[in-house]
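A quick write-up on the structure given underneath.
All heavy atoms count here, side chains included; hydrogens, waters and symmetry mates do not. Letters A, B, ... are given to chains in the order of the sequence lines, protein chains preceding strands, and every chain is numbered from 1.
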Amino acid sequence: MFIQFRSLLFELSKLHQTLSKTKHLHALIIKTHLSNDPFYATRIIRFYAINDDLFSARNLFDETPHRSVYLWNSIIRAYAQSHKFIDAFHLFKHMLSSETKPDNFTFACILRACSENFDLQRLRLVHGGVVVSGLGWDSIVSSSLVTAYSKLGPVSEASIIFNGILEPDLVLWNSMIFGYGCCGYWDKGLLLFSRMQSMGRQPDGYTLVGLISSLADPSLLEIGQGIHGFCLKNGFDSNTHIVSVLVSMYSRCKCLNSALKVFDSLLEPDLVTWSALITGFSQFGDSEKALIFFKKMNMEGKKADPILIASLLAAIAQLAIVGPGSEIHSYVLRHGFESEVMVSSALIDMYSKCGFLRLGIQVFERTLERNTISYNSLISALGLHGLASDAFVIFKEMLEKGCEPDESTFSALLCACCHAGLVRDGQEYFRKMTDEFGMEAKTEHYVHMVKLLGMAGELEKAYELVQSLPEPVDSGIWGALLSCCDALGNFELAEKVAQQLFEHKPMKCTYKVMLSNIYASDGRWDDARKLREAMKGGMGKMPGVSWIGGNSGL
DNA sequence: GACATATGGT
């Protein structure tokens, strides 16, 4: 009888359980004195984690006296997967001082948490721990290291790890190809792809997803088509991951016809594939088609998720037509997505960019669980409408509520200062960001500072700021300075700045147009003509489009 | 038993 009961428990503990069933199972296991069995404890922690009940998971962990590696791994993973990185790191530290030593799975989990938490410093520290534990050559750990480093930027460190492994397994090849791709080195990824084949290694779906996702520019269309051909020849064309990434690759390459063709080739597109197509239309094609396909998807009985809604709203915000935006808003209300922060923030953004700040504020007020993203959306909305002092008040409120500001928060604040011409406040927020919040100023922040100083007439100060930055200075920062020179008619400085920009080849056409305008307004028609002629054949500046929506619902 | 690489957005 007991044996039977035990095997029933065993079977139950293998199935995915709801929270109430998990609690029931937990109680049964305590009753039968099996609660110290690491197998059950591990499974139950996993079920609690799946059901978002970290509290019970933690209780169980704390109450289990004999903690196996499995048990440690499952609790650390529970925290990491719920994005409670600080708790995960804390437990990991605790584990290091316990008698159970971390294994390759523990390290894999912590390494991933480092990259998801954008914590390069900790990543290096954990990497050190990996080396000390002698797990540097483990295939699971090394692929995690490669992915983590590439996601955080220093892909060169990832390739050092990759090159240090004599016989990389398929996962490691895939991680490195994906790593190059996510850092923009599609060419290195492609080289690796051909190298692995020449060594007789067959790629799988992951390889191709990593490779294709790195192609994001119309100039790479032919390469994308080539790889698409490879997928067709090798039977990868029914893999939904690959089809989705092909759809978004074709969209990013501005080839929506092909995106649609690939999409149509799939008998049962899933939500991600639909979403790739709709996002493609809204960002790179036409938003009306995006809305048509969105309706079509709904008619086929597929329900959108918060990611798709946020993407649609971003597209509508760019178009600045409120009509479809409010349609989506009612969809959100009908489907109960209003509590999703991603959605409510996108709504705030959409309304404010469509000129309906009031409606955006209403959405914010109805958002009960506000996080950094919601505050960021409201601060940038207020800033956009020139209401810098209101933005400052919201920032204060955000801090009082214990909500941590991030880089985008300061970007929104600086942008608000720019719109209102508040140099002092801008400088103060810039100082706060670095001194009080210990954040490193990024390109976008410098762009705002340069605009703020430049447009206030302090071009020299702006120039000094740019010169004080370590090389190479992002061309966006020089570009911001150039546009200030343009606006203020300072031809002398414009020339200096333009020279800096020319050194960054290829120089963006918009800067060339700006410079030629500057030459023209200075009466230097020859220079202007030369620059214009040099641009012929290349892509011109996008024509400016402005309108008042015909069907804006006003 | 715990488990490394992947698709849509921010």
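- A/A314 comes within 4.0 angstrom of sugar-phosphate atoms only, judged by non-hydrogen atoms across all strands, and of no base.
- The side-chain hydrogen bond (donor to acceptor under 3.5 Å, both in side chains) check on A/K353 picks up A/D349, with sequence neighbours excluded.
- Residue A/T42 has its side chain nearest to B/dA2 when only B/dG9, B/dA2, B/dT7 are considered.
- The residue A/D204 sits apart from the nucleic acid: no heavy atom pair falls under 4.0 Å.
- Between A/Y250 and the choices A/H228, A/Q225, A/K261, the side chain to side chain donor-acceptor pair (under 3.5 Å) rule is met once, by A/H228.
- When distances run from any side-chain atom of A/A108 to the nucleotides B/dT7, B/dG9, B/dA4, the shortest one goes to B/dA4.
- The A/V272 side chain lies nearest to B/dG8 when the options are B/dA2, B/dA4, B/dG8.
- Of the candidates B/dG8, B/dA2, B/dA6, B/dA2 carries the atom nearest the A/D103 side chain, counting heavy atoms from C-beta on.
- Looking at the side chain of A/Y70, the nearest of the listed nucleotides B/dG9, B/dA4, B/dA2 is B/dA2.
- Phosphate proximity of B/dG8 to A/K302: absent, as no side-chain N or O sits under 4.0 Å from OP1 or OP2.
- Counting non-hydrogen atoms under 4.0 angstrom, A/S175 reaches the backbone sugars and phosphates but no base.
- Closest to the side chain of A/Q283, out of B/dA6, B/dG8, B/dT10, is B/dT10.
- For residues 82-112 of chain A, the set of pairs meeting the ring-ring contact (aromatic ring centres under 6.0 Å, His included) definition, not counting sequence neighbours, comprises A/W72-A/H94, A/H83-A/F85, A/F92-A/F107.
- Using a 4.0 Å heavy-atom distance criterion, A/D169 is classed as a base contact.
- Checking B/dA6, B/dG9, B/dA4 against every side-chain atom of A/M342, the shortest atom distance belongs to B/dG9.
- The listed nucleotides are B/dT7, B/dA4, B/dA6; the one nearest the side chain of A/I140 is B/dA4.
- Closest to the side chain of A/T147, from the set B/dA6, B/dA4, B/dG1, is B/dA6.
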